[in-house]
Each structure stands twice: as C-alpha cells, then as structure tokens.
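Just below is one structure, and these are the notes that go with it.
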2 protein chains.
Amino acid sequence: MAAKQFVQEYEDHRREELIKATYMEVAEKGYSNVTLQDIALRAGVSKGSTLYYFASKEDLFLGAAEWMSQRVQNRIVDAVAIVEDPIEKTKALINSLFTNAQETRNFFLAYTDFVSMGTRNKRFHDLNARFYRSCGVQDREIIEAGIESGAFRKLDIEDATSMLRALVDGLMLQWFFSSDGTFEDYRRRCERVVIDYLTGGSVNKNDAEV
Amino acid sequence: MAAKQFVQEYEDHRREELIKATYMEVAEKGYSNVTLQDIALRAGVSKGSTLYYFASKEDLFLGAAEWMSQRVQNRIVDAVAIVEDPIEKTKALINSLFTNAQETRNFFLAYTDFVSMGTRNKRFHDLNARFYRSCGVQDREIIEAGIESGAFRKLDIEDATSMLRALVDGLMLQWFFSSDGTFEDYRRRCERVVIDYLTGGSVNKNDAEV
DNA sequence: TGTATAAAACTGACCGGTCAGTCAATTGAG
DNA sequence: CTCAATTGACTGACCGGTCAGTTTTATACA
C-alpha cells in the first residue's frame with residue numbers, strides 16, 4: 001500500500017512537471033507553436049513519455065489550462081483572506097493578478113491562448129467558462145460586502161464585478177502594447193480606477209492628483 | 001493610361017478580396033489553423049494565386065490585420081464625427097466597436113489573434129502598437145473635450161482613456177464566456193459604466209436603478 | 001475587324017520540412 | 001523473472017512555398 005502510494009505520488013509528480021513545462025511553453029510560444037518535443041525537453045523527459053502520461057497533445061494542454069486556473073484561483077483566495085477591509089480586499093485581488101512583470105506576462109499570454117482555444121474547442125470552452133465563473137465568486141463577495149458596509153457606493157453588483165474583471169484584463173492588454181508606462185504604473189492604475197469607481201472617488205482623490 | 005488604371009484597380013480588388021477572406025478565416029479558425037488553401041477557397045481563387053499577390057502567408061495576414069485596423073478606425077472616426085456632446089461621442093465610440101454580435105465576434109477573435117502574434121512577431125507588434133495608438137487619439141480627444149466642457153468630472157486623462165479602452169476589451173471578453181446576458185446587455189453595460197465613471201454618476205443614475 | 005505576339009494572371013502538382021502519434025526495443029526496480 | 005516506465009526511430013498526414021505550364025488579356029499590325 002505504501003509502495004502503491006509512492007508510485008502514485010511519483011506519477012503525479014511527473015504529470016505536474018509535464019503540465020508546468022507545457023504552461024511555460026504556451027506562454028512563450030503560443031499553443032500552435034509548441035511541439036511535444038519542446039515540452040519533453042523542458043520537462044527533462046523524452047517525447048514518448050509525454051504521450052505515456054497524457055493521451056494526446058490536447059489533453060496535455062487541457063491539463064495545463066486547468067492547473068493555471070487552479071493556481072490563480074488559489075492565489076486570489078489566499079491574498080483576499082488575510083485582509084478585512086473591502087478596499088484592501090479589492091487591492092489584494094488586483095495584486096494577486098498583477099504580481100510581477102514576468103509572471104503576469106506568462107499568465108496573460110497563456111490565458112489569451114486558452115481563451116482563443118476556448119472559442120473554437122468545446123473541451124476548452126467549458127474549462128474557461130468555469131474558470132471565469134469561479135474567479136467571479138470572489139470579486140462578487142467582496143463587492144457585495146463593500147456595498148453592505150458602506151465602504152463602496154450603491155452600485156449594481158453585476159456592473160461592478162464586470163467592471164473589475166474587465167479592467168484587469170483590459171489593462172494587462174494595454175501594458176503589452178504601450179511603450180510608455182511600466183508594469184507598476186498599470187498595476188497602480190488598475191487599483192486606482194477600480195477603487196475610484198467603487199467608492200465614487202471618496203478615497204484616493206489625493207493619490208490621483210499626484 | 002486608363003487601361004493601366006483599370007488593371008491597378010482590378011489588382012487592388014483581388015488583393016482586397018484575399019485580405020477579406022483571410023480576415024474571415026482568422027476570425028473563424030485562428031491564425032495557425034488557417035491554410036492558404038482555406039483562404040484561396042473562400043476568395044474563389046486557387047492556392048497559387050494567394051502567393052501571386054502576397055509574398056508569403058505572413059504578408060497576407062499582415063495585410064488582413066492592417067485592413068481590419070483601418071476599417072475599425074474609420075468607423076470610429078465617422079461615428080464620432082456626427083455628434084457633438086462628449087457623452088454622445090463616447091457612446092458613439094463604444095457603439096462603433098459593439099456593432100452587432102456576429103461582427104463583433106469576428107472582430108474580437110481576429111483582434112486577439114493578431115494581438116497574440118504581436119507579442120511573438122516583430123512585424124505584427126509594430127502594427128498592433130500603431131493601431132492601438134491611433135484609436136487612442138480619438139478617445140483622448142473626446143475625454144479632454146468632455147473635461148474641458150464640464151460634462152465629465154476632473155479626471156486624469158491617462159486613467160480615463162485607459163479605463164475606456166480596457167472596459168471595451170474586457171467586456172467583449174466577458175461576453176464570450178458568460179452564458180448569462182445578451183450582446184446588447186454587455187454593450188449597454190459598457191456605455192453605463194464608462195459614462196458613470198466619466199461623469200461621476202451625475203448622468204444616468206436613473207438608468208442604473210432600473 | 002481579324003490575327004499574331006507579348007505579357008500578365010492564374011493554376012495545381014510537386015517538394016521539402018514539420019510534427020502528432022505509434023511501437024518495438026531497452027532499462028531498471030522489486 | 002516480471003512488468004511498468006522510458007526511449008527515439010519511424011510513419012503518415014499536412015502545409016507553405018515553388019514552378020512549369022495554361023489561360024486570359026492587352027497590344028501591335030494588316
């Protein structure tokens with residue numbers, strides 16, 4: 001039984017190694033430009049092994065997408081849990097997506113790739129929709145609590161959650177294109193605009209004037 | 001000379017046909033899944049002809065990206081020109097991007113694909129950055145005028161333009177994933193949230209309460 | 001107007017390269 | 001010895017790009 005356990009863990013480890021390698025490759029090259037050879041090389045195994053652990057290339061990518069979703073979701077939950085104030089929670093949520101330039105870049109590129117697949121491949125579509133919804137639960141709760149407590153103004157919940165999510169995605173996109181402005185500038189802009197919208201500008205007026 | 005003119009126009013027509021076909025194929029399948037055969041078939045020519053008019057597959061896609069940019073930009077400029085009020089101008093800008101479900105879907109999918117290429121291919125990156133900047137001129141002018149006239153509250157121009165663009169992109173993304181809410185819902189939400197942010201909620205409070 | 005000639009437009013078979021997936025052979029732990 | 005894990009050579013499908021050849025159009029001339 002102990003041996004069986006060990007084997008299982010070993011197998012899971014291998015699978016995770018392959019998934020991480022896939023995720024990194026997708027971020028760097030984009031789905032269609034990644035070969036099984038690339039993934040195998042990065043994971044330190046042979047090409048044959050990739051298909052020993054996963055039935056197909058598609059399954060491998062599906063695993064990577066799921067892994068990424070889970071990872072981001074956990075990160076959000078953890079970051080939000082350690083603060084109380086709705087405004088701080090909102091900032092924590094934004095910061096758990098805008099972590100640092102390299103990581104955010106990887107995440108965003110992989111994310112858009114999976115999104116793109118999601119619109120064309122049924123299997124990926126379900127996953128993405130689920131991912132999107134599960135993140136949504138977090139921000140909805142924060143915003144509801146914020147309105148309840150009076151920290152935020154009286155807003156339509158749907159509008160506010162949509163706005164928060166749209167701004168994070170949209171500003172990441174802008175950061176990629178704009179040669180003017182650092183990653184940190186965009187992170188702070190996201191915080192500022194969201195909080196400004198939620199509170200009606202009653203909080204960080206002074207910050208904005210700087 | 002007249003004949004030469006005709007030939008030129010005919011050639012341009014053919015090129016445009018190929019570009020349109022490429023755009024549609026990209027929207028439906030995504031860059032990497034489109035073959036020259038697909039494009040030729042849709043344009044009603046042979047595969048050989050695609051490379052008679054364009055040096056390579058990449059050039060064909062570059063043409064499609066440029067065409068799309070130009071088309072969207074013209075549409076924005078036209079839509080914005082026929083109204084005066086900053087709030088109406090802002091709505092017109094949003095509506096020229098949220099046209100209808102089918103067209104917006106095609107635009108958005110092609111757009112994200114070109115964006116994805118832009119991060120990996122120098123030639124596409126320049127194009128996208130230019131596109132992004134040229135659209136930016138429009139919204140910046142509108143927002144500056146709005147603040148000047150007092151229709152909008154005193155906002156940081158950068159924050160406001162960023163916010164407008166991010167919200168359009170972000171809400172399109174959401175519309176793809178959400179099974180709840182029609183295209184029209186998202187179009188109106190975009191209008192509502194942007195105007196609410198720009199005016200500080202002094203305009204369509206009543207709308208939001210519905 | 002009809003005919004000859006040149007040029008441009010167009011075609012699809014073909015080539016070379018790539019890559020997902022297969023499988024027979026090898027390794028090594030128990 | 002057994003069997004799961006691992007490998008990489010191999011296969012067949014696919015696709016971008018080439019090119020020799022065909023068709024269409026424009027031009028020149030009688």
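Here is how names work: the chains are called A, B, and so on, in the same order as the sequence lines, proteins then strands, and each is numbered from 1.
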Could you state the atom-to-atom distance from CD of E17(B) to P of dC10(C) in whole Å? 12 Å
Tell me the interatomic distance from I39(B), atom CD1, to dG17(D), atom P, rounded to whole angstroms. 11 Å
Can you tell me if N33(B) and E25(B) form a side-chain donor-acceptor pair at under 3.5 Å? no
Write out a two-atom table: protein N or O, nucleotide N or O from nucleotides 7-10 of chain D, distance below 3.5 Å.
residue, atom, partner, partner atom, Å
dT7(D), OP2, S46(A), N, 2.8
dT7(D), OP2, S46(A), OG, 2.9
dT7(D), OP2, S49(A), OG, 2.8
dT7(D), O5', S46(A), OG, 3.1

d(NE2, H13(B); P, dA8(C)) in whole Å: 21 Å
Show your reasoning for whether ring pair (Phe, Tyr, Trp, His ring centres under 6.0 Å) applies to F98(A) and Y186(A). CA-CA 9 Å; F98(A) 278 91; Y186(A) 280 88; 8.1 Å; no
Between CG of D59(A) and P of dA20(C) the distance, given in whole Å, is 14 Å
Charged tip of K47(A) within 45° of Y52(A) ring normal and under 6.0 Å: no
According to side chain to side chain contact (heavy atoms under 4.5 Å, CB included), who are the partners of I19(B), at least two apart in sequence or on a separate chain? F54(B), A64(B), W67(B)
Taken to the nearest whole Å, CG/D38(B) to C1'/dC14(D) is 12 Å
Hey, does the side chain of Q174(B) reach the backbone of S162(A) with a donor-acceptor pair shorter than 3.5 angstrom? yes
If you take any heavy atom closer than 4.0 Å to DNA chain C, which residues from residues 24-35 of chain A end up in contact? V34(A), T35(A)
Donor-acceptor pair, side chain of R123(A) and main chain of L62(A), under 3.5 angstrom: no
From CD of Q37(B) across to C1' of dC14(C) the rounded distance in Å is 14 Å
What is the distance from CG of L51(A) to C1' of dT11(D), rounded to the nearest Å? 14 Å
Parallel, tilted or perpendicular: rings of F108(B) and Y111(B) (30°, 60°): tilted
L36(B) CG to dT11(C) P, in whole Å, measures 14 Å
